[in-house]
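Reviewing the structure listed below.
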2 protein chains.
Amino acid sequence: MRSYGQYCAAARALDLIGDRWTLLIVRELLLRGPSRYTDLREGLPGIATNLLADRLRELEDLGLVAREDAPPPIAATLLRLTPRGEELRPVITALGQWGIPLMADPPRGDEFRAYWLALPVALYLSDSAPEKPPVAIEVRTGAEPVVIETADGAVRTRAGAADDPDAVLTGAPELIAAVLTGSLALKEAVAKGLKLEGDRAALRRLLPA
Amino acid sequence: MRSYGQYCAAARALDLIGDRWTLLIVRELLLRGPSRYTDLREGLPGIATNLLADRLRELEDLGLVAREDAPPPIAATLLRLTPRGEELRPVITALGQWGIPLMADPPRGDEFRAYWLALPVALYLSDSAPEKPPVAIEVRTGAEPVVIETADGAVRTRAGAADDPDAVLTGAPELIAAVLTGSLALKEAVAKGLKLEGDRAALRRLLPA
DNA sequence: CCGGATCCGGGTTGATACTG
DNA sequence: CAGTATCAACCCGGATCCGG
């Protein structure tokens with residue numbers, strides 16, 4: 001954690017969270033909430049385990065991450081963001097928004113985790129008919145499914161399958177991403193191989209205009 | 001520029017601009033506009049000249065920075081952000097906002113350039129009386145003065161001295177920063193050594209409530 | 001003076017193996 | 001599960017030098 005030695009807010013921020021991997025660790029904690037060490041490592045493919053341990057210790061020292069013991073049935077310690085750590089959300093959001101155009105070219109062997117879609121979902125989706133009954137859409141594109149659902153006007157994602165989804169979306173990550181960010185029309189995505197089962201209107205209700 | 005190899009917008013953004021110094025180079029170009037190589041280096045104390053050259057070449061290859069020949073009288077090439085590069089402003093802004101609390105502790109030998117104040121100014125100052133005649137406030141805290149002035153409702157900064165400033169603010173960078181961000185009352189700052197000459201109301205008109 | 005290129009020492013990162 | 005240990009490769013920072 002070498003300092004830039006500049007009395008500038010952005011430079012001082014980068015002093016703390018500008019190291020390689022640090023912001024991606026914050027992304028994981030923002031998207032997944034309190035996590036075990038091993039789960040973090042699973043969500044950060046490519047990181048060396050010693051680096052993850054180092055970074056977590058630094059983040060703890062800085063007061064951005066806290067360690068806590070999980071409730072009794074589970075024997076594990078959880079890592080969670082402190083309130084000050086949560087305040088990094090706008091940074092991740094700004095980075096993600098700037099990076100959206102980069103998602104147009106396909107993964108080329110990049111790793112992918114379905115819950116990462118929570119980032120574009122939060123940025124681009126909104127419930128255009130909050131007065132109607134809530135909807136749930138299951139997305140199958142990574143190893144594990146993700147559910148996009150509405151809850152009193154807001155749109156959220158969570159890991160896992162839906163009990164009784166209004167629609168199920170299956171296909172390549174770049175097709176899903178393009179549809180969710182509005183850069184590709186649903187019809188064209190289907191023509192390119194995206195599979196949409198169930199109630200198409202439920203999905204349209206959430207998509208950007 | 002090693003890739004994280006993750007199909008995630010934030011990770012891909014960091015693939016491009018996550019290297020050390022890269023975002024600070026963007027900060028310089030955002031705050032100063034088109035600049036010569038040597039001026040960039042002056043605004044990035046601590047950077048090794050080869051690193052600056054490397055980063056600029058990368059940014060050029062990525063289409064975030066463009067090189068242009070300065071108009072005839074001057075014999076120099078200028079570096080400027082492309083539109084896509086300008087789109088990084090929200091990233092710098094988010095970082096700067098998160099970093100503001102870190103400015104509370106004094107510089108401790110950190111380098112400082114007065115025009116860096118443009119960042120907090122844009123975030124925190126606004127003209128509460130745009131119908132009145134414009135005001136100009138000169139700030140003397142670094143090697144070179146900076147002017148904060150209003151122009152049709154907006155608050156801007158520019159390098160240099162003011163012809164006929166409504167007020168002049170002189171003092172340590174951390175006092176100036178604390179006042180501009182509203183974390184320290186003007187009266188208390190003056191008690192701590194800040195010097196305010198001229199029309200106090202002109203400054204109050206711009207400060208956060 | 002401007003705009004770099006080159007070289008070198010040391011620190012950081014990354015891959016793998018290993019451990020309580 | 002949650003790391004530590006080790007080591008090679010790479011990147012960074014500082015100094016120096018060089019062509020317009």
Side-chain angles (χ1 to χ4, degrees), chain A residues 1-6 11 14-25 28-29 32-62 65-80 109-111, chain B residues 1-6 11 14-25 28-29 32 34-61 65-80 109-111:
Chain A
M1 207 177 353
R2 174 190 229 81
S3 169
Y4 286 106
Q6 300 183 0
L14 288 172
D15 282 347
L16 305 192
I17 48 76
D19 276 345
R20 198 166 162 72
W21 289 107
T22 301
L23 275 177
L24 291 187
I25 293 172
E28 284 300 303
L29 291 170
R32 303 178 51 140
S35 310
R36 293 179 302 178
Y37 181 91
T38 310
D39 293 332
L40 281 181
R41 195 173 48 186
E42 215 288 315
L44 293 165
I47 199 174
T49 172
N50 58 342
L51 265 191
L52 178 54
D54 284 355
R55 292 288 184 273
L56 286 172
R57 212 174 302 122
E58 288 172 8
L59 288 170
E60 213 183 336
D61 292 345
L62 292 170
V65 161
R67 235 169 261 266
E68 70 181 33
D69 291 331
I74 313 148
T77 60
L78 294 181
L79 297 147
R80 67 155 67 237
D110 280 10
E111 297 273 354
Chain B
M1 210 177 350
R2 172 189 295 274
S3 169
Y4 287 106
Q6 300 184 359
L14 288 172
D15 283 346
L16 305 193
I17 48 79
D19 276 345
R20 196 165 163 72
W21 289 106
T22 301
L23 275 178
L24 291 188
I25 294 172
E28 284 299 303
L29 291 170
R32 303 176 52 139
S35 310
R36 292 181 303 177
Y37 181 90
T38 310
D39 293 332
L40 282 180
R41 194 173 47 186
E42 214 289 315
L44 294 164
I47 198 173
T49 171
N50 58 342
L51 264 191
L52 178 55
D54 284 354
R55 293 289 183 273
L56 286 172
R57 212 175 304 121
E58 289 173 7
L59 288 170
E60 213 183 334
D61 291 346
V65 160
R67 235 169 259 267
E68 71 181 32
D69 291 331
I74 314 147
T77 59
L78 294 181
L79 296 147
R80 69 154 67 237
D110 280 9
E111 297 273 353

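In what follows, every chain begins at residue 1, and chains take the letters A, B, ... in the order their sequences are listed. Everything numeric here is computed off the predicted structure, so don't read it as measured data.
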Requested in this report: Could you please name the option among D/dC1, C/dT13, D/dG3 that lies closest to any side-chain atom of A/R36?
Outcome: D/dC1

Query raised in the report: Do the side chain of B/T38 and the base of C/dG3 come within less than 3.5 angstrom through a donor-acceptor pair of N or O atoms?
Result: no

Query raised in the report: Is it the case that A/S3 and A/D15 place a side-chain donor and acceptor less than 3.5 Å from each other?
Result: yes

Query raised in the report: Want to settle it: does A/M1 or B/Y37 sit nearer the 5' end of DNA chain C, counting the closest nucleotide to each?
Result: B/Y37

Report task. Check the side chains of A/Y37 and A/T49 for a donor-acceptor pair under 3.5 angstrom, ignoring hydrogens and angles. Result -> yes

Query raised in the report: For A/R55 and C/dT13, is the shortest distance between a side-chain N/O and OP1 or OP2 below 4.0 Å?
Result: yes

Query raised in the report: Hey, is the side chain of B/W21 poking within less than 4.0 Å of OP1 or OP2 on D/dG13, counting only N and O atoms?
Result: yes

Report task. Find the distance between CD (A/E58) and CE (A/M1) and round it off to the nearest 0.5 Å. Result -> 4.0 Å

Requested in this report: Take atom CG of B/L44 and atom P of D/dC12, then tell me their distance rounded to the nearest Å.
Outcome: 15 Å

Query - Closest-nucleotide ordering on DNA chain C, the 5'-leading residue of B/N50 and A/D54 - result: B/N50

Query - Nearest-angstrom distance from the residue atom CD1 of A/I25 to C1' of C/dT13 - result: 13 Å

Report task. Could you check how far CD1 of A/I47 sits from C1' of C/dT13, rounded to whole Å? Result -> 11 Å

Query raised in the report: Just how far, in rounded Å, is P of C/dC2 from CG of B/D39?
Result: 7 Å

Query raised in the report: Nearest of D/dC12, C/dT16, C/dT13 to any side-chain atom of A/R20?
Result: C/dT13

Report summary line: From the candidates C/dG4, D/dT4, D/dC12, the one with an atom nearest any side-chain atom of B/L51 is D/dC12

Requested in this report: Locate the shortest heavy-atom distance separating A/R55 from A/R20; write the atom from each residue and the value.
Outcome: NE-O, 2.9 Å

Requested in this report: Check every atom of C/dT13, C/dT12, C/dG3 against the side chain of A/R2 and return the nucleotide holding the closest atom.
Outcome: C/dT12

Query raised in the report: Has B/R67 got a side-chain N or O lying under 4.0 Å from the OP1 or OP2 atom of C/dG4?
Result: yes

Query raised in the report: Taking atom P of D/dG3 as reference, at what distance in whole Å does atom CG of A/L56 sit?
Result: 8 Å

Report task. Give the C-alpha distance, both sets of side-chain angles, the deciding distance and a yes or no for side-chain contact (heavy atoms from CB on, under 4.5 Å) between B/E111 and A/Y4. Result -> CA-CA 9 Å; B/E111 297 273 353; A/Y4 286 106; over 6 Å; no

Query raised in the report: Considering only side-chain heavy atoms of A/D19, which listed nucleotide, C/dT13, C/dG3, D/dA2, is closest?
Result: C/dT13

Query raised in the report: Quick one: is C/dA5 close enough that its OP1 or OP2 comes under 4.0 Å of any side-chain N or O from B/R57?
Result: yes

Requested in this report: Return the value, rounded to whole Å, for the distance between atom CD of B/E42 and atom C1' of C/dC1.
Outcome: 14 Å

Query - Atom pair distance, as rounded to whole Å: CZ in A/R41 and P in C/dT16 - result: 13 Å

